[in-house]
Undergrad: 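Handing you this structure, nothing more for now.
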There are 2 protein chains.
Amino acid sequence: MGATKTALFSKKQNELASMAKAIAHPARIAILQQLVSANTCICGDLVEELGLAQPTISQHLKELKQAGIIQGTVEGTSVCYCINPLIWNKYRALFNSFFVAVKSLDAGGCC
Amino acid sequence: MGATKTALFSKKQNELASMAKAIAHPARIAILQQLVSANTCICGDLVEELGLAQPTISQHLKELKQAGIIQGTVEGTSVCYCINPLIWNKYRALFNSFFVAVKSLDAGGCC
DNA sequence: ATACTTAATTGCAATATTACGATAAAGCAA
DNA sequence: TTGCTTTATCGTAATATTGCAATTAAGTAT
């Protein structure tokens, strides 16, 4: 055992869970925030901003790329990264529709 | 190595990451959806709904409780769980404020 | 060609997560 | 009390994640 039993759950549930997993690390949050605040492609200087080693950053970038939420284009020797706004908006919409469900019972809960 | 270097990141970044981690599993998504749709306390029958063993469900419930997003009250032999609306709304607000940042550039991105 | 720069990949160690059988704890019923 | 029900915890195995040194790959320069 040890592996998640994805077969037990719906496609939507697995999708939302893996989206959450994509941002479930402070380094990946930090990377995304940098890309968002810069609002342009960022080439390389992510390694100096965060305090992690270059292979570690590269690995986190790979995960974010696989999740689709960022994209990278080769620019000579370096690689430029930026947010993929389509996927970003998809994330926003799905998280929002998940959390909006409880809007009604703002009171004290039931127990 | 192997442990996340939380000291490198801001409190907000670590908080958002751990919030994401709390829902980064389809079983925990499923549990939360059940609690939301029921809109009342649910005693025990979570084990039959999902296809996981009782200790596994109990462990996921513990994680959700530690994240604060659900609460459980003992009701005789069984335990009743429900959403904690305060924390739930906090999650909603923080995820929303994270994702809302890119609203402007709905176009094609920059690379 | 050689040297340099930048990023990805490999390989490995440390730690974390997921899952469940076995057991324990806590309440209720006879 | 004993037995039953329900949930939590313990212990352990399988798998996943995190992090980085070392290396590779791929481009630019000289």
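Values below: every heavy atom of this structure, side chains too, minus hydrogens, waters and symmetry copies. Order of the sequence lines sets the chain letters (A, B, ...), proteins ahead of strands, with each chain counted from 1.
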Undergrad: Test your reading of the model: is there a side-chain donor-acceptor pair from R92(A) to the backbone of V100(B), 3.5 Å cut-off?
TA: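 No, the answer is negative, given that no donor and acceptor are paired below the 3.5 Å cut-off.
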
Undergrad: I need the CG-C1' distance between L46(B) and dA8(D), as an integer number of Å.
TA: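 It is 15 Å, rounded to the nearest whole Å.
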
Undergrad: Taking only heavy atoms on the protein side, list every residue of residues 17-33 of chain A lying under 4.0 Å from any atom of DNA chain D, sorted numerically.
TA: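 Nucleic-acid contacts, sorted: K21(A), H25(A), R28(A).
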
Undergrad: Give the intermediate values and the outcome of side-chain contact (heavy atoms from CB on, under 4.5 Å) for residues L32(A) and W88(A).
TA: CA-CA 10 Å; L32(A) 291 173; W88(A) 182 277; 4.1 Å; yes

Undergrad: Looking only at heavy atoms, what is the nearest atom pair of Y91(B) and A67(B), with distance?
TA: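 Distance-wise, the nearest heavy atoms are OH-CB, 3.4 Å.
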
Undergrad: Can you see if the side chain of H60(B) gets near the phosphate of dT17(C) - specifically, an N or O under 4.0 Å from OP1 or OP2?
TA: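 Checking H60(B) against dT17(C): no side-chain N or O falls below 4.0 Å of OP1 or OP2.
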
Undergrad: I need the CD1-P distance between I57(A) and dT17(D), as an integer number of Å.
TA: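 In whole Å, dT17(D) P and I57(A) CD1 are 18 Å from each other.
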
Undergrad: Looking only at heavy atoms, what is the nearest atom pair of I87(A) and G68(A), with distance?
TA: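 Nearest pair, atom of I87(A) first, then G68(A): CG1-O, 3.2 Å.
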
Undergrad: Between V74(A) and T4(A), just flag the one whose closest nucleotide in DNA chain D comes earlier from the 5' side.
TA: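 With V74(A) and T4(A) compared, the 5'-side residue is T4(A).
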
Undergrad: Expressed in angstrom and rounded to an integer, what is the separation of E63(B) atom CD from dA8(D) atom C1'?
TA: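 Distance, rounded to whole Å: 14 Å.
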
Undergrad: With a 3.5 Å distance limit and no angle check, can you tell me whether S37(A) reaches the backbone of Q33(A) through a side-chain donor-acceptor pair?
TA: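 Between the backbone of Q33(A) and the side chain of S37(A) there is a qualifying donor-acceptor contact (under 3.5 Å).
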
Undergrad: At under 4.0 Å between heavy atoms, which parts of nucleotides 4-10 of chain C does protein reach? Answer with one letter per nucleotide, 5' to 3': B base, S sugar-phosphate only, - none.
TA: -BSBBB-

Undergrad: Would you please name every residue forming a side chain to side chain donor-acceptor pair (under 3.5 Å) with T6(A), sequence neighbours left out?
TA: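 Result, side chain to side chain donor-acceptor pair (under 3.5 Å) vs T6(A): none returned.
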
Undergrad: Could you state the atom-to-atom distance from CG of L8(B) to C1' of dT18(D) in whole Å?
TA: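 The distance from CG of L8(B) to C1' of dT18(D) comes to 12 Å, rounded to the nearest Å.
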
Undergrad: Verify, without hydrogens or angle tests, whether R28(B) (side chain) and K21(B) (backbone) share a donor-acceptor contact under 3.5 angstrom.
TA: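 Pair found, side chain donor or acceptor close to backbone of K21(B).
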
Undergrad: Provide, to the nearest angstrom, the distance between the CD1 atom belonging to I42(B) and the P atom belonging to dT7(D).
TA: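 Between P of dT7(D) and CD1 of I42(B): 12 Å.
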
Undergrad: Between E75(B) (CD) and dA8(D) (P), how many Å, whole number?
TA: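 So the CD-P distance, E75(B) to dA8(D), works out to 14 Å.
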
Undergrad: Rounding to a whole Å, what distance do you find between F9(B):CZ and dT18(D):P?
TA: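 Computing the F9(B):CZ to dT18(D):P distance gives 11 Å.
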
Undergrad: Are the side chains of F95(B) and I23(A) in contact, using a 4.5 Å heavy-atom criterion?
TA: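 The answer is yes; the side chains approach within 4.5 Å.
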
Undergrad: Identify the heavy atoms of Y81(B) and G72(B) that sit nearest to each other, and give their distance.
TA: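 Y81(B) and G72(B) have their closest heavy atoms at CD2-CA, 3.7 Å.
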
Undergrad: In whole angstrom, what separates I70(B)'s CD1 from dA8(D)'s C1'?
TA: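 In whole Å, dA8(D) C1' lies 14 Å from I70(B) CD1.
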
